[in-house]
Amino acid sequence: ITSCVRIVIEELITILEDQLRDNRNKRVWIRPWLARRNTHGASNMLLKELAVEDVPEYRNCMRMTPDCFNLLLQKINRIIQKTDTTMRMALPAKTKLEITLSYLATGNKVCDAIYDALKDFIKVPQKVNEWKAIESDFDKRWNYPGCYGAIDGKHITIRAPANCGSDYFNYKGQNSIILMAVVDGNYNFKYIDVGCNGRASDGGVFAQVTCVNVYLPTGSVDEEDIDRGTITPGNWKSEITGLPSI
């Protein structure tokens, strides 16, 4: 009996140690400063003060008066308000609307500012020797000669514009526009294009961008005519003829 009791006690100790270890490894459920947002957040402090003390500045932030905001909130509150659970409180509909209006008021300006500030980090090569440097990286690092960039695209699903036919209908059976990117041999983005109709291939999108006709060495890529459904091969194949197979 004594040995059985000892085994049970040891097993209980092991279980308790495991529970204590699990508790130590648990992540924080909510950051303390986030827990204070109901009293210290912009929705309950800054915007509330502006609505009472400085209506013109409130309108500058929300692009509408407090009365219009409250009217709009009444109309959509039932739709956007989620239900609280035992795990956490749902984000108030008022806060959701404030965040959305704030973005709509300043979002484009912020995006334009980011684009201007970071344009040197995604810079399209403008000289033949710059493209040749990319080709050299692919050759030396990846044993892939004659490559001036790796291309891939992402289909962004949209509602087809009126009277567009099948221009935006892609191979996935959806209507979309294409986000296409070109990277060099070191994973750096060199070109980004957004908005081409979804039925085009990656090569078809790339054939329409300005960097192909203006900057790339002649014949570096195959040229695809989306409307005619034809492809004109470039002379890149002849440049790698006789090279060891990859």
Side-chain angles (χ1 to χ4, degrees), residues 12 14-115 117-118 152-162 164 167-181 189 192 194-199:
L12 288 173
T14 302
I15 294 173
L16 289 173
E17 289 177 346
D18 290 340
Q19 290 179 347
L20 289 173
R21 189 181 302 110
D22 291 340
N23 289 334
R24 285 196 298 268
N25 293 332
K26 282 185 178 180
R27 297 179 62 186
V28 176
W29 181 254
I30 184 171
R31 302 289 180 185
W33 60 272
L34 284 175
R36 296 191 294 270
R37 65 188 175 195
N38 289 334
T39 56
H40 292 70
S43 177
N44 289 287
M45 290 190 68
L46 176 62
L47 292 176
K48 185 177 292 186
E49 290 179 357
L50 291 179
V52 176
E53 300 178 12
D54 195 342
V55 173
E57 189 60 30
Y58 180 95
R59 184 172 182 175
N60 186 48
C61 293
M62 295 288 104
R63 294 298 192 268
M64 61 179 63
T65 64
D67 291 338
C68 289
F69 176 89
N70 292 330
L71 178 60
L72 178 59
L73 180 61
Q74 290 177 7
K75 291 182 176 294
I76 67 173
N77 184 82
R78 182 177 58 84
I79 302 172
I80 66 174
Q81 180 62 59
K82 301 299 182 181
T83 304
D84 295 336
T85 68
T86 55
M87 302 295 291
R88 67 183 67 190
M89 303 294 287
L91 192 66
K94 177 174 177 285
T95 302
K96 290 183 179 180
L97 181 57
E98 288 169 341
I99 292 172
T100 302
L101 293 177
S102 178
Y103 171 78
L104 293 175
T106 61
N108 290 338
K109 293 180 181 179
V110 174
C111 291
D112 290 342
I114 293 174
Y115 175 83
L118 300 181
D152 200 7
K154 169 69 176 178
H155 286 273
I156 310 299
T157 303
I158 64 168
R159 179 178 295 176
C164 70
D167 284 347
Y168 293 87
F169 195 75
N170 62 42
Y171 69 95
K172 297 181 178 181
Q174 303 168 335
N175 289 286
S176 66
I177 58 174
I178 299 173
L179 185 157
M180 187 208 71
F189 284 93
I192 295 174
V194 183
C196 189
N197 51 311
R199 74 186 182 100

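Scope of the values below: all heavy atoms of this structure, side chains included, with no hydrogens, waters or symmetry mates. Note that the numbering runs from 1 along the sequence shown for the chain.
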- Go through the structure and list residues passing salt bridge (charged side-chain N to carboxylate O under 4.0 Å, His left out) with Lys94, not counting sequence neighbours. Glu98

- Item | Test item: Glu49 and Tyr58 side chains (from C-beta on) under 4.5 Å apart, heavy atoms | no

- Query: Looking only at atom types and distance, does a side-chain atom of Asn197 sit under 3.5 Å from a main-chain N or O of Asp167, one as donor and one as acceptor?
  - Reply: yes

- Distance in Å, Leu50 CG paired with Arg59 CZ, rounded so as to fall on 0.5 Å steps: 14.5 Å

- Where is the tightest heavy-atom contact between Gly198 and His155, given as atom of each residue plus distance? O-CE1, 3.1 Å

- Task: Would you check if the side chain of Asn175 reaches a backbone N or O of Arg159 as a donor-acceptor pair within less than 3.5 Å?
- Result: no

Tell me which donor-acceptor pairs under 3.5 Å the side chains of residues 60-70 have, and how far apart each pair is, sequence neighbours excluded?
{"unit_1": "Arg63", "atom_1": "NH1", "unit_2": "Asn60", "atom_2": "O", "d": "2.2"}
{"unit_1": "Arg63", "atom_1": "NH2", "unit_2": "Ala105", "atom_2": "O", "d": "3.3"}
{"unit_1": "Thr65", "atom_1": "OG1", "unit_2": "Cys68", "atom_2": "N", "d": "3.3"}
{"unit_1": "Asn70", "atom_1": "ND2", "unit_2": "Pro66", "atom_2": "O", "d": "3.2"}

- Starting at NZ of Lys48, measure out to CE of Met45 and round the result to the nearest 0.5 Å. 10.0 Å

- Check: Thr100 side chain, Lys96 main-chain N or O, donor-acceptor pair, under 3.5 Å: yes

- Message: As an exercise, state the distance from OG of Ser102 to CG of Leu47, rounded to the nearest 0.5 Å.
- Response: 8.0 Å

- Item | Close side-chain approach of Ser176 to Ile156, heavy-atom, < 4.5 Å | no

- Nearest heavy-atom contact between Gly153 and Ile178 is CA-CG2, 4.4 Å

- What distance separates Gln74 CD from Ile76 CD1, expressed to the nearest 0.5 Å? 11.0 Å

- Quick one: does Gln174's side chain have a donor or acceptor within less than 3.5 Å of a partner on Thr157's backbone? no

- Item | Side chain to side chain, Pro161 and Ile158, heavy atoms closer than 4.5 Å | yes

- Residues which pass side chain to side chain contact (heavy atoms under 4.5 Å, CB included) with Thr39, listed by chain and number, not counting sequence neighbours: Arg36

